[in-house]
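A short write-up of the structure that comes next.
Here the structure is a predicted model, which means the values were calculated and not measured.
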Amino acid sequence: MIALSDVRDAAARIEGRVRRTPVMEADPAAFVPEGAEGPARLWLKLELTQHTGSFKARGAFNRVLAAAEEGRLTGAGVVTASGGNAGLAVAYAASRAGARAEVYVPETAPAVKVAGLRALGATVVQVGVKYADAHEAAIKRAAETGAVFCHPYDQPEMCAGQGVIGLELMEQTGGEVDTVLLAVGGGGLMAGVAAALEGRATVVGAEPVTAPTLNAALRAGKPVDVEVSGVAKDSLGASRLGDIAHAVATRTGVRSVLVTDEAISAARRRLWESHRLVVEHGTATAAAALRTGAYRPAPGERVAVLLCGANTDPSDLVS
């Protein structure tokens with residue numbers, strides 16, 4: 001469980017290490033179904049401009065720097081399991097903190113992702129054929145060496161670091177946001193932002209129908225395993241919501257809305273065509289919730305959409 005105080009501590013710790021990403025005010029009519037009433041005001045929080053191309057640099061820095069403060073960051077460095085945004089973020093944070101990073105990925109990991117991790121100075125270890133194999137190996141390695149294990153989304157420091165986005169957003173909009181729409185995979189981003197904005201704004205988690213981790217957890221009353229597929233699985237590929245995310249979502253009243261793969265792809269193209277923003281399919285999930293009417297703002301409601309990452313192949317955006 002995390003609270004606002006943890007997010008504030010994270011903000012102080014990572015200040016100067018991460019970018020204060022911009023906020024763009026957008027035309028609400030461009031993001032709702034034709035003929036529908038849009039929000040009174042609409043902002044886009046451009047976290048896609050963060051170091052390594054996603055919000056995860058915030059949590060990674062908070063985890064690594066907190067470990068250093070506590071004397072747990074030794075010559076063994078840090079270990080994580082992720083060939084995606086989390087791995088890139090941990091590798092980047094470790095390099096900037098002067099620590100070694102060891103990243104475990106499946107043998108099936110795309111060569112371009114492995115190359116990206118190595119370019120950041122990480123030692124890449126390929127194990128097994130699926131993410132679970134790499135995750136298990138990373139935990140074992142951390143226990144053997146004393147390295148700091150960095151979970152992609154289910155650790156207090158990770159979640160609290162991501163939550164700094166919520167504090168920034170409120171400062172940048174004068175505290176006028178009523179609702180924040182964001183994409184949910186494992187739930188670290190949602191947990192952090194919901195903790196940061198508790199009592200100030202509502203958080204709505206948008207998910208693909210093909211990867212409904214939050215939706216399934218809220219229905220079951222606990223995190224449960226779900227089948228994951230679809231266009232956003234490269235960034236929203238967690239098969240189970242984190243325990244911290246579930247606790248925070250339950251405490252703060254986070255809602256889940258579901259969107260189709262077709263809606264996600266359409267929202268991604270719309271962000272490019274209307275604002276020249278290149279985002280991942282997972283990121284576009286939040287915008288798709290507005291465009292499809294899966295989330296319908298109340299009259300006068302002021303909404304922010306968090307655009308959380310841009311590590312994608314843009315070639316299919318231009319005909």
Side-chain angles (χ1 to χ4, degrees), residues 48 52-57 59-60 77-95 100-145 147 149-155 158 183-189 207-213 216 223-242 261 264-265 268 278-285 308-317:
L48 59 99
T52 72
S54 89
F55 70 94
K56 287 183 178 286
V78 302
V79 171
T80 192
S82 169
N85 290 338
L88 292 170
V90 169
Y92 178 80
S95 69
R100 69 184 302 269
E102 200 167 337
V103 182
Y104 283 70
V105 301
E107 294 172 358
T108 54
V112 65
K113 291 188 176 182
V114 172
L117 291 167
R118 287 178 174 150
L120 287 170
T123 298
V124 181
V125 182
Q126 294 184 268
V127 177
V129 296
K130 56 185 184 296
Y131 169 74
D133 299 328
H135 181 77
E136 183 178 342
I139 292 176
K140 181 179 179 181
R141 176 66 171 170
E144 291 172 347
T145 64
F149 179 67
C150 296
H151 194 287
Y153 55 84
D154 201 20
Q155 286 175 330
M158 284 289 189
V184 176
L189 174 63
E207 303 178 273
V209 295
T210 52
T213 56
V224 293
D225 292 330
V226 301
E227 293 293 328
V228 174
S229 62
V231 297
K233 67 180 180 180
D234 61 333
S235 54
L236 302 182
S239 60
R240 185 185 183 96
L241 190 75
D261 279 5
I264 292 168
S265 295
R268 180 170 171 266
V278 178
V279 303
E280 301 170 16
H281 285 91
T283 296
T285 301
C308 59
N311 290 318
T312 187
D313 180 357
S315 61
D316 59 348
L317 290 173

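In this structure, CD on Q126 lies 12.5 Å from CG on D133, to the nearest 0.5 angstrom. Put simply, CG on N85 and CZ on F55 are 7.5 Å apart, with the number rounded to the nearest 0.5 Å. From E227, atom CD reaches atom NZ of K233 across 11.5 Å, with rounding to the nearest 0.5 Å.
Contact between A89 and A57 at its shortest, heavy atoms only, is CB-N, 3.6 Å. V226 approaches A216 most closely through the heavy-atom pair CG1-CB, 3.6 Å. Listed here is the closest heavy atom pair of A122 and A91: CB-CB, 3.9 Å. When all heavy atoms are compared, the tightest approach of P223 to R240 is O-NH2, 3.0 Å. In terms of heavy-atom proximity, T210 sits nearest to G230 at OG1-CA, 3.8 Å. G186 approaches L241 most closely through the heavy-atom pair O-CD1, 3.5 Å.
Taking V127 as the reference, Y104, V125, A137 meet the side chain to side chain contact (heavy atoms under 4.5 Å, CB included) condition, with sequence neighbours excluded. The side-chain hydrogen bond (donor to acceptor under 3.5 Å, both in side chains) search around T283 returns none, not counting sequence neighbours.
Other residues, nucleotides and ligands contribute more than 12 heavy atoms inside 6.0 Å of the CD atom of E107. Within a 6.0 Å radius of CD in E144, other residues, nucleotides and ligands contribute more than 12 heavy atoms.
Between the side chain of R100 and the backbone N or O of G77 there is no donor-acceptor pair closer than 3.5 Å. For the pair T80 (side chain) and S82 (backbone), a donor-acceptor distance under 3.5 Å is absent. Checking side-chain atoms of E280 against main-chain N and O of N311 turns up a donor-acceptor pair under 3.5 Å.
Side-chain contact between T213 and E207 is present, with heavy atoms from C-beta onward closer than 4.5 Å. Looking at heavy atoms from C-beta onward, D234 lies in side-chain contact with K113 at the 4.5 angstrom threshold. Between D316 and R268 there is a side-chain heavy-atom pair separated by less than 4.5 Å. Using a 4.5 Å heavy-atom cutoff, the side chains of C150 and M158 are in contact. No side-chain heavy atom of T123 sits under 4.5 Å from any side-chain heavy atom of V103. Using a 4.5 Å cut-off on side-chain heavy atoms (C-beta onward), P208 and I264 make contact.
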Stepwise, does the side chain to side chain contact (heavy atoms under 4.5 Å, CB included) test hold for L317 with T312? CA-CA 11 Å; L317 290 173; T312 187; 5.8 Å; no

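Evaluation of the ring-ring contact (aromatic ring centres under 6.0 Å, His included) test over residues 123-144, restricted to residues two or more places apart or in two chains, returns Y131-H135, H135-F149, H135-H151.
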